[in-house]
2 protein chains.
Amino acid sequence: MEFKSELKKKAVYAEEILKKYMPKEEGYQKTIMEAMNYSLNSGGKRLRPILTLEACAIAGGNVKDAEPFAAAIEMIHTYSLIHDDLPALDNDDLRRGRATNHKVFGEAMAILAGDALLNYAFETMLKTSIGKENPERYLKAINEIAEGAGIYGMIGGQVVDVQSENISIPMEKLEYIHRNKTAAMMVGCMRAGAQIAGADERKIECITEYAENIGLAFQIVDDILDIVGDESVIGKPVGSDIENHKSTYPSLIGLEESRKKAEELIEKAKSSIAEITDETEFLFGLADYIISRDH
Amino acid sequence: MEFKSELKKKAVYAEEILKKYMPKEEGYQKTIMEAMNYSLNSGGKRLRPILTLEACAIAGGNVKDAEPFAAAIEMIHTYSLIHDDLPALDNDDLRRGRATNHKVFGEAMAILAGDALLNYAFETMLKTSIGKENPERYLKAINEIAEGAGIYGMIGGQVVDVQSENISIPMEKLEYIHRNKTAAMMVGCMRAGAQIAGADERKIECITEYAENIGLAFQIVDDILDIVGDESVIGKPVGSDIENHKSTYPSLIGLEESRKKAEELIEKAKSSIAEITDETEFLFGLADYIISRDH
């Protein structure tokens, strides 16, 4: 219970930061800002920005320096959801209980709003990094985000995911999808925070292991929730994986084994983080939350 | 004639650079690399990377340092074309005489390939900037590109352009579209090259004026070519502006006035660049080429 209120507090802080960096809705091109902000404002757990801020903190950095990155990361996450929901991709009408971007603004604007959010994320990180001490750290941090979001990260996983509908795939390929579609971005978020703090190699290594393991666990739990979850709690229809004949952890190794796998990953994540800090309370709580969450 | 062979030589150089930075087509996510490279390989004038390299050179920089930026800029230009061509936007089947990306790879992959190119452009600039002297210059240079490509640049112009089909718009709004849809990115390209060279404010100012004026002239000529151009030379159908009832320079002020306006902009561009360098031959030639081109 205490952890959940701490998480909520951090999510509120992440949203305050986000609001500060969201584009103003003005000018001839006002509609695109409205479309961007519509999706940025649609809630969510704000996990990724929280991870960035937390990584910066445990690596001994000044969390203020990571704030624009937290906002940017949520912009990138949001762009990926807008494009995922498009008719040519998942064709979803609802996201977190609200109409998806293209349902409100039309397909053309949703495509451009996604593009705009990705670009504006980089603009936000770059603009705020100019003039700071240690510019090299910021170059590295922005690069971590770009890697996590790109073809060797999130987009790579997304592509293979799209190509794996209606076919059965082996575990190795499913793990590739999970590792890249979800975990890579979490890794990027945390490594960015650590880079801003100027963390050494060993710290970055342990933070990476934590992020990768909770990221994989997160995705396994997503697979599980698509079977056992409550539609009204999740805010979108369940059962879509089965409907799309998608290979998932439960479909390949069963529900029980999937739960066990997720738990193992969570334990690994915890031991990695315990190696570099005594301030483990929040990140341990987050790891536990990831397997116990219901949405 | 001599200028054209010089331009051709520089385009070949830009393509060699591009090839060096294009993603390898391998791994589970191979298809996305194929889709990215399909459009990167589809020719074009390679004007934007040439502008970056040229700006770096006249500002006294080492052109080698700007090479990854040249490649990245062509990736951004290419992503914008892929998304522009999508059914929800311009719905074009042909681009430079070849099938558009979504016609070959399908809509889902074309959306993702565009996203991937935008992200990979930043990845390319960031990765190659880490470890160099003067990291601050590179942060500034990447930021110039992000600004030129974003909601206060290319995407902004694109949005207003999409919203201005089938309606008549005033000259002020048309100029906003041209300035942002086309000129902003050219400005970003040249400013990035100048930043890498560590140019002072005055040089950057003059380079900006040159880029902005040739960018505006370029777009006016595009409007003109859509009326008087030869389809087989341009590689796409002409007359689409009239068909879509789009306001253009010729539709608002007539062909003759449009030509005059373009010529004025070209003269302004030349005088800006002459203020900061004696090495004006290529950039003068380029300015002249822009109003005399037939595709």
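Every chain is numbered from 1 and lettered A, B, ... according to where its sequence line falls, protein lines coming before strand lines. Remember, predicted model here, so these are calculated numbers, not experimental data.
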Note to self: Between A:Met109 and chain B, with a heavy-atom cut-off of 4.5 Å, which part of the residue counts as in contact: side chain, backbone, both or neither?
What the structure shows: side chain
Note to self: Please report the interatomic distance CG(B:Leu126) to CG(A:Leu139), rounded to the nearest 0.5 Å.
What the structure shows: 6.5 Å
Check: Which value, rounded to the nearest 0.5 Å, describes the distance between A:Phe122 atom CZ and B:Ile145 atom CD1?
Finding: 13.5 Å
Next item on the list: For residues A:Pro135 and B:Pro135, report the shortest heavy-atom separation together with the two atoms involved.
Entry: CG-CG, 3.8 Å
Check: What residues, two or more places apart in sequence or in another chain, satisfy side chain to side chain contact (heavy atoms under 4.5 Å, CB included) together with A:Ala116?
Finding: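 A:Ala116 satisfies side chain to side chain contact (heavy atoms under 4.5 Å, CB included) with A:Ile32, A:Met36, B:Ile151, B:Ile155 only.
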Margin query: Test side-chain contact (heavy atoms from CB on, under 4.5 Å) on A:Leu89 and B:Leu112; report intermediate values, then the result.
Written below: CA-CA 9 Å; A:Leu89 284 120; B:Leu112 292 171; 3.9 Å; yes
Short donor-acceptor separations (under 3.5 Å), chain A to chain B:
{"unit_1": "A:Tyr28", "atom_1": "OH", "unit_2": "B:Glu172", "atom_2": "OE2", "d": "2.7"}
{"unit_1": "A:Gln29", "atom_1": "OE1", "unit_2": "B:Tyr176", "atom_2": "OH", "d": "3.3"}
{"unit_1": "A:Gln29", "atom_1": "NE2", "unit_2": "B:Ile151", "atom_2": "O", "d": "2.9"}
{"unit_1": "A:Gln29", "atom_1": "NE2", "unit_2": "B:Tyr176", "atom_2": "OH", "d": "3.1"}
{"unit_1": "A:Thr31", "atom_1": "OG1", "unit_2": "B:Gln163", "atom_2": "NE2", "d": "2.8"}
{"unit_1": "A:His83", "atom_1": "ND1", "unit_2": "B:Asp115", "atom_2": "OD1", "d": "3.0"}
{"unit_1": "A:His83", "atom_1": "ND1", "unit_2": "B:Asp115", "atom_2": "OD2", "d": "2.7"}
{"unit_1": "A:Asp115", "atom_1": "OD1", "unit_2": "B:His83", "atom_2": "ND1", "d": "3.0"}
{"unit_1": "A:Asp115", "atom_1": "OD2", "unit_2": "B:His83", "atom_2": "ND1", "d": "2.7"}
{"unit_1": "A:Asn119", "atom_1": "ND2", "unit_2": "B:Ala146", "atom_2": "O", "d": "2.8"}
{"unit_1": "A:Lys127", "atom_1": "NZ", "unit_2": "B:Glu147", "atom_2": "OE2", "d": "2.9"}
{"unit_1": "A:Gly131", "atom_1": "N", "unit_2": "B:Glu136", "atom_2": "OE2", "d": "2.8"}
{"unit_1": "A:Glu136", "atom_1": "OE2", "unit_2": "B:Gly131", "atom_2": "N", "d": "2.8"}
{"unit_1": "A:Ala146", "atom_1": "O", "unit_2": "B:Asn119", "atom_2": "ND2", "d": "2.8"}
{"unit_1": "A:Glu147", "atom_1": "OE2", "unit_2": "B:Lys127", "atom_2": "NZ", "d": "2.8"}
{"unit_1": "A:Ile151", "atom_1": "O", "unit_2": "B:Gln29", "atom_2": "NE2", "d": "3.0"}
{"unit_1": "A:Gln163", "atom_1": "NE2", "unit_2": "B:Thr31", "atom_2": "OG1", "d": "2.7"}
{"unit_1": "A:Glu172", "atom_1": "OE2", "unit_2": "B:Tyr28", "atom_2": "OH", "d": "2.7"}
{"unit_1": "A:Tyr176", "atom_1": "OH", "unit_2": "B:Gln29", "atom_2": "OE1", "d": "3.3"}
{"unit_1": "A:Tyr176", "atom_1": "OH", "unit_2": "B:Gln29", "atom_2": "NE2", "d": "3.1"}

Check: What option among A:Leu86, A:Val162, A:Val160 has the most heavy-atom pairs under 4.5 Å with chain B?
Finding: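 Heavy-atom pair counts peak at A:Val160.
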Item checked: Residue, of A:Gly106, A:Gly27, A:Pro87, A:Gly150, that accumulates the most heavy atom pairs under 4.5 Å with chain B ->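 Heavy-atom pairs under 4.5 Å are most numerous for A:Gly150.
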Check: So what's closer than 4.5 Å to chain A heavy atoms on B:Met154: side chain, backbone, both or neither?
Finding: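 The answer is neither part of B:Met154.
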